[in-house]
Amino acid sequence: MALAIALLLAGVLLPCCGEFALFKKGSTKANGARCSHHSECFSDCCLISLDSGGAFCAPRARITMTCLPQTRSAINIVCPCQVGLRCRHKDPSCSHRCRLI
């Protein structure tokens, strides 16, 4: 009972910044969980796995990692960048990589 009240108060008192998986609406799956659409994942990245034949929630790309500029389709081949990074390429012949804004 006390836990339920504490969670209720935390949900009311904490700002809705999307930082906590518990309070992010519609995105409750943690990294590694099976998914069918990127919106199901807390990271907003549902990555296709050619080995297992399915898709799973994956973390967003870190600095200098290969990325996709944005997530439009249901399942990603490569994840978009973490918050604070932008997906860019320095050379048109090279793949996009996460860089500081």
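Between the CZ atom of Arg88 and the NE2 atom of His96 there is a distance of 10.0 Å, given to the nearest 0.5 Å. From Ile75, atom CD1 reaches atom CG of Leu47 across 9.5 Å, with rounding to the nearest 0.5 Å.
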**Report entry** Worked verdict on Ile63 versus Arg99 for side-chain contact (heavy atoms from CB on, under 4.5 Å)
**Finding:** CA-CA 6 Å; Ile63 194 164; Arg99 309 217 188 269; 5.8 Å; no
**Report entry** Check against side-chain contact (heavy atoms from CB on, under 4.5 Å), Leu100 and Leu85
**Finding:** CA-CA 5 Å; Leu100 289 173; Leu85 300 176; 3.6 Å; yes
Report task. Could you please spell out the steps behind the side-chain contact (heavy atoms from CB on, under 4.5 Å) verdict for Thr28 and Phe42? Result -> CA-CA 6 Å; Thr28 58; Phe42 181 71; over 6 Å; no
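Per the SG-SG cut-off, Cys98 and Cys81 are bridged by a disulfide [distance under 2.5 Å]. Taken as a pair, Cys67 and Cys79 fail the criterion of an SG-SG distance shorter than 2.5 angstrom. The SG atoms of Cys35 and Cys46 sit under 2.5 Å apart.
Of the possible donor and acceptor atoms, one in the side chain of Arg60 sits under 3.5 Å from a partner among the backbone N and O of Ser43. Not one N or O on the side chain of Lys29 forms a donor-acceptor pair closer than 3.5 Å with the backbone of Cys57.
Between Leu68 and Val78, the closest heavy-atom pair is CD1-O, 3.0 Å. Across all their heavy atoms, Cys41 and Cys45 have their closest contact at SG-O, 3.6 Å. Considering every non-hydrogen atom in both Arg62 and Gln82, the closest pair reads CG-NE2, 3.2 Å. Counting all heavy atoms, side chain and backbone alike, Asn76 lies closest to Asp44 at OD1-O, 4.4 Å.
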